[in-house]
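Here is the structure we will look at.
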Amino acid sequence: MDNKAFDCYNCKNTLYGQKYTVREDNPYCVKCFESIFANKCEGCKNPIECDSKDLCYKDSHWHEDCFKCVKCACSLVEKPFAAKDELLLCIDCYSNEHSAKCFNCKANIMPGSRKIDYKGCNWHETCFVCQGCQQPLGSKSFVPKQSSLYCIPCYEKEFAQQCVACKKAITKDGISFEDQPFHSECFLCSGCKKKLAGEKFTSKDDNPYCVECFGNLFAEKCTACAKPISGKCYTILFYLFM
């Protein structure tokens with residue numbers, strides 16, 4: 001290599017005996033390289049020297065010693081951090097200043113952790129639990145009751161009325177007869193067992209019968225036409241028990 005080939009590509013000063021660096025196969029003295037190519041540090045606003053570590057985040061650059069939390073000035077090198085309005089914060093400072101607080105435990109919800117948003121309030125995923133079994137609700141279906149939340153099995157166990165026919169919880173299409181709750185599909189004629197919900201029926205000894213069965217089994221017959229004389233009839237629509 002001749003002397004000309006080993007001059008700084010920019011200022012043409014010799015590089016023999018001097019520190020230098022190479023850019024696109026061209027040698028530069030340290031001063032020229034830093035003035036032309038070095039990134040400006042977002043912390044101290046000075047160029048990041050050739051022999052300094054250049055830390056980069058979202059197209060911005062820092063000296064290693066300048067890569068700090070803007071609030072408490074602790075180093076962020078090799079540590080988790082968060083950004084707010086292009087300012088870097090350690091996790092503790094970000095949480096204290098900007099993180100949502102859990103509606104249940106009142107603690108900060110740390111950046112990067114999962115949270116549940118329900119009716120404008122935030123929960124830790126582990127705090128959003130069923131009041132009954134204390135299991136996380138996550139993406140499960142649930143029912144609010146006053147200020148508490150219940151998974152479907154716990155809600156049915158604690159609050160839902162039980163069908164007097166099948167003894168299972170009534171969650172939809174429930175009806176009431178003689179102050180007794182039934183599923184609509186369980187409210188049947190005591191004679192022929194057809195569904196009575198939405199149909200005309202009558203009762204005998206607190207047992208429901210369709211009009212036809214009641215007439216055949218219990219009604220007096222007309223002496224003129226021999227047809228059953230119907231008594232009082234009911235029609236029950238659907239109700240949802242909560």
Side-chain angles (χ1 to χ4, degrees), residues 1-130 134-140 142 147 149:
M1 180 182 293
D2 57 27
N3 289 352
K4 183 177 180 181
F6 206 52
D7 290 344
C8 172
Y9 185 77
N10 182 60
C11 68
K12 309 306 180 183
N13 291 332
T14 183
L15 297 177
Y16 281 108
Q18 305 294 323
K19 289 183 177 181
Y20 71 95
T21 188
V22 176
R23 175 86 173 202
E24 297 177 353
D25 296 328
N26 295 314
Y28 292 85
C29 66
V30 170
K31 182 178 180 181
C32 287
F33 182 87
E34 291 178 352
S35 64
I36 298 172
F37 302 112
N39 295 307
K40 179 188 280 189
C41 174
E42 291 293 325
C44 67
K45 307 304 180 184
N46 292 320
I48 300 175
E49 301 85 353
C50 295
D51 55 355
S52 296
K53 185 178 290 188
D54 185 336
L55 301 182
C56 178
Y57 173 71
K58 288 189 174 180
D59 297 327
S60 295
H61 299 263
W62 287 263
H63 290 104
E64 187 173 18
D65 290 341
C66 296
F67 196 62
K68 300 176 180 180
C69 170
V70 298
K71 188 73 175 178
C72 69
C74 72
S75 174
L76 299 178
V77 177
E78 296 184 357
K79 294 180 180 179
F81 62 90
K84 181 68 174 179
D85 299 327
E86 298 183 359
L87 300 177
L88 304 185
L89 295 158
C90 66
I91 294 300
D92 288 340
C93 287
Y94 182 88
S95 297
N96 291 333
E97 294 287 330
H98 305 292
S99 287
K101 294 189 181 298
C102 176
F103 183 80
N104 181 56
C105 70
K106 311 306 180 187
N108 292 326
I109 300 176
M110 302 299 284
S113 61
R114 290 192 63 184
K115 68 176 181 178
I116 305 294
D117 186 356
Y118 175 67
K119 287 191 173 180
C121 297
N122 298 287
W123 277 264
H124 291 110
E125 187 177 29
T126 53
C127 291
F128 194 69
V129 299
C130 169
Q134 295 299 306
Q135 293 301 307
L137 291 170
S139 59
K140 299 177 183 176
F142 63 89
S147 60
L149 304 174

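This is a predicted model, so every value here is computed, not measured.
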Closest approach of Ala107 and His124, non-hydrogen atoms and distance? O-CE1, 3.8 Å

Are the side chains of Tyr118 and Leu149 in contact, using a 4.5 Å heavy-atom criterion? yes

Could you walk me through whether Val70 and Leu89 pass the side chain to side chain contact (heavy atoms under 4.5 Å, CB included) test, one step at a time? CA-CA 6 Å; Val70 298; Leu89 295 158; 3.5 Å; yes

Considering all heavy atoms, the nearest Asp54-His61 contact: OD1-ND1, 2.8 Å

Would you kindly check if the NZ (Lys) or CZ (Arg) of Lys106 is within the cone defined by 45 degrees around the ring axis of Phe103 and under 6.0 Å from the six-membered ring centre? yes

So, for Cys127 and Asn104, which heavy atoms are closest and what is the spacing to 0.1 Å? CB-ND2, 3.6 Å

Closest heavy-atom pair, Cys32 versus Asn10, reported as atoms and distance to 0.1 Å, is SG-ND2, 3.2 Å

Is the number of heavy atoms from other residues, nucleotides or ligands within 6.0 Å of CD (Gln134) greater than 12? yes

Scanning both residues in full, the closest heavy-atom pair of His63 with Pro47 reads NE2-O, 3.2 Å

Side-chain contact test, heavy atoms from C-beta onward, threshold under 4.5 Å: evaluate it for Thr126 versus Pro136 and give yes or no. no

Mind checking what makes side chain to side chain contact (heavy atoms under 4.5 Å, CB included) contact with Asp117, not counting sequence neighbours? Asn122

Rounded to the nearest 0.5 Å, what separation is found between the NZ atom of Lys140 and the CD atom of Gln135? 6.5 Å

Can you tell me if Lys12 has over 12 outside heavy atoms packed within less than 6.0 Å of its NZ? yes

Residue from Tyr57, Trp62, Tyr94 passing ring pair (Phe, Tyr, Trp, His ring centres under 6.0 Å) with Phe81: Tyr57

To the nearest 0.5 Å, what is the distance between NZ (Lys45) and NZ (Lys40)? 7.0 Å

Considering only heavy atoms from C-beta outward, does the side chain of Tyr20 approach that of Cys29 to under 4.5 Å? no

Nearest-0.5 Å distance, CZ of residue Phe67 to NZ of residue Lys53: 11.5 Å

Between Cys8 and Leu15, what is the shortest heavy-atom contact and its length? N-CG, 3.6 Å

Compare all side-chain heavy atoms of Cys41 with those of Asn46 and state whether any distance is below 4.5 angstrom. no

Rounding to 0.5 Å, atoms CG (Leu88) and CG (Leu76) come to a distance of 6.0 Å

Hits for side chain to side chain contact (heavy atoms under 4.5 Å, CB included) against Asp65, two or more places apart or cross-chain, chain-then-number order -> none

Looking at Tyr9, does the NZ or CZ of Arg23 lie under 6.0 angstrom from its six-membered ring centre and within 45 degrees of the ring axis? no

Rounded at 0.5 Å granularity, tell me how far CD1 in Ile48 sits from SG in Cys66. 8.0 Å

Distance col, row Asp92:CG vs Cys69:SG, nearest 0.5 angstrom, shows 9.0 Å

Got a sec: does the NZ of Lys31 have more than 12 other heavy atoms crowding it under 6.0 Å? no

